[in-house]
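Comments concern the structure below.
Chain naming here is simple, since letters A, B, ... match the order of the sequence lines and numbering starts at 1 in each.
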Amino acid sequence: MRSLTPIFTVLRAVALVVLVVAVAACARNGAGGVGVGNTPGGGAPGSQQEFLVSVGDRVFFETDSSSLTPTAMATLDKQAAWLNKYNQYRIMLEGHADERGTREYNIALGARRAAVVVNYLVSRGVNQGRLTSKSFGKERPVAICNDISCWSQNRRAVTVVQ
Amino acid sequence: MTLFTRRNALKLGLAGGALALATPSQALVEIIVTGGDFTPLPIAIPDFASSDPAFGAEIAQIVRDNLKRSGLFVPLDPASLPIRVGDVQNEPDFASWRAATVDALVMGSVERGGQVNSQVRVWDTQAAQQVVGKSYQTDPQNYRRIAHIVSDAIYSSLSGGTGYFDTRVLFVSESGPKANRVKKLAIMDQDGANVQYLSSGKSLTFGPKIGPKGDSLVYTSYEDGNPQVYYAGLGGSAKKLIQGAPMSFAPNFSPDGGTVAFSVSNGGTTNIYSATLAGQPTQLTNGAAIDTSPSFSPDGSRIVFESDRGGSPQLYIMGAGGGGAQRISYGEGTYSTPVFSPDGQLIAYTRQSGGQFHIGIMRTDGSGERILSSSNAVQEGPTWAPNSRVIMFFRDPGGDAGPSLWSVDIWGRNEFNLRTDGFASDPSWSPLRG
């Protein structure tokens, strides 16, 4: 047993300022679908729009898994290259789960998925100090329906550049 | 023990009798609770005598509805009874009630002035004896409580367990589109009446748990951006339980209400902590796994929780100070959201297997597993009635639909939907009100 407080003081500072923005962004993006690679116009080089459209802001996971698939790693490699080029941004990782699990476990699963992506981006040279993470569990699905194709879109980690 | 009647003795309980709930009683009239199938007990409840007959009828109907919802009683149609209005002054005419094949009879009266006063007598017409004779008072602002208190007296005298009608349910009221659902904390009577909202819904909020005295709550809110545990008195302002955790969630009270166990996620691992209400945290589990959904045993000595340390979510029990966790669930699939029964004998949980969500119970050593409700829809989050006989949970069919509250008894009978205005999830059942 040990005290909780010292472990976390480091992580607190950046979190609060950017979170409001992250929630707002999530709400805007939420109902609109994935929106990766299908929007005309890639945005100006170095813009958030370019990151969203040309790089891809999210990776997907298998059921109850936080392992990165080869496709996910390829996306994260592109993300890391872009983030290393445009280092003016702070980065928030949002972990999500599908609805086929219990609420509290899914919060933890979303946190684990976000952490896996954070660690991967750091391993590709992104400065850890730029990265924070949060989990929405199954509280903010992006695809609303009731079959496997939907659930797979909701098992995601979204990289939000701010 | 004397069987209540030639045809109506209730036999309730789980197969094998190992989880039997029989409690010997002094009453002549009683329901034998030992195991196997049972037939609900017919009971006659004329309207309560009152100078305001409509009020007497309303109170009697609340009592009938409560007893009917319990699944243990079948209130008879009041229009079919030998008399339509109760009489608490005189002994019933037992012969006429027996002729009407009524064995259990409730006679009540109710008046409201400065207080609501009610008298109630429960009669065994076969033995020509009174089982219960009591009077009660409540605040007129909350007159439905008198009916719940009377219902508890009837339930308790005839079924051998304590009642659960004079209780409330804390829950999350949900509205709006699924991708951006608005969630408000709310509390209502166990029958769905008297809903009060406790939060505005501005921040995403979930998992409220009511305190052991029914006057406080803990819950998780995104008020700060990340999920964090909050504590509040009912009707009071909320305070964040601990400072400095990246994410804290899944809080649950200790039985004395002085400690809260919860999860902290940090860097992808999720461990269980406890903290005093003053916010001093202690780490109880340590590892790379997900440990969450802690629930204290009613004596405060143990905590049951879910962990995927073995590869998939399963149930474990450890001491309340941490350490020595023992796995107790071994069935196919995964187990989560464990919660001790108030009598400490059973653990209710959510199980996922075969593509379905199940609500089940097991003994605290993991034996005697029994599935009470199964659904293709998501269903989760069991909470116990204070008499350890009834479980409430929520079910969400997915898509654009939303969750609703359901109840089932520990024999897997009497599953029904508790109607609410709008969607409802995350129920937490209060103790009996004092």
Are the side chains of A:Arg103 and B:Thr337 in touch, meaning some heavy atoms are under 4.5 Å apart?
no
Chain A contacts, top residue of B:Arg181, B:Met247, B:Gln379 (heavy-atom pairs, under 4.5 Å):
B:Met247
With respect to chain B, which residue among A:Ser135, A:Ala115, A:Ser66 yields the maximal number of heavy-atom pairs within a distance under 4.5 Å?
A:Ser135
Report yes if the side chains of B:Pro313 and A:Asp64 come closer than 4.5 Å at any heavy-atom pair, otherwise no.
yes
For A:Ala108, is it the side chain, the backbone, both or neither that has a heavy atom under 4.5 Å from a heavy atom of chain B?
both
Point-to-point distance, once rounded to the nearest 0.5 Å, from OG1 of A:Thr102 to CZ of B:Phe357
7.5 Å
Decide if atom NZ of B:Lys239 counts as having more than 12 heavy atoms of other residues, nucleotides or ligands within a radius under 6.0 Å.
yes
Side-chain touch B:Glu306/A:Glu104, heavy atoms, less than 4.5 angstrom
no
Using non-hydrogen atoms and a 4.5 Å limit, figure out which bit of B:Ala275 sits close to chain A: side chain, backbone, both or neither.
neither
Atom pair OG1/CD1 of B:Thr292 and A:Ile107 - distance to nearest 0.5 Å
9.0 Å
Quick check on A:Gln88: does its CD atom have over 12 non-hydrogen neighbours (other residues, nucleotides or ligands) under 6.0 Å away?
yes
Identify which of A:Arg100, A:Glu99, A:Glu139 forms the greatest number of heavy-atom pairs closer than 4.5 Å to chain B.
A:Arg100
When you measure from the side chain of A:Lys134 to the backbone N and O of B:Gly225, does any donor-acceptor pair fall under 3.5 Å?
yes
May I have the step-by-step check of side-chain contact (heavy atoms from CB on, under 4.5 Å) for B:Thr334 and A:Tyr105, ending in yes or no?
CA-CA 11 Å; B:Thr334 65; A:Tyr105 181 79; over 6 Å; no
Can you find a heavy atom in the side chain of A:Arg112 that is under 4.5 Å from one in the side chain of B:Thr270?
no
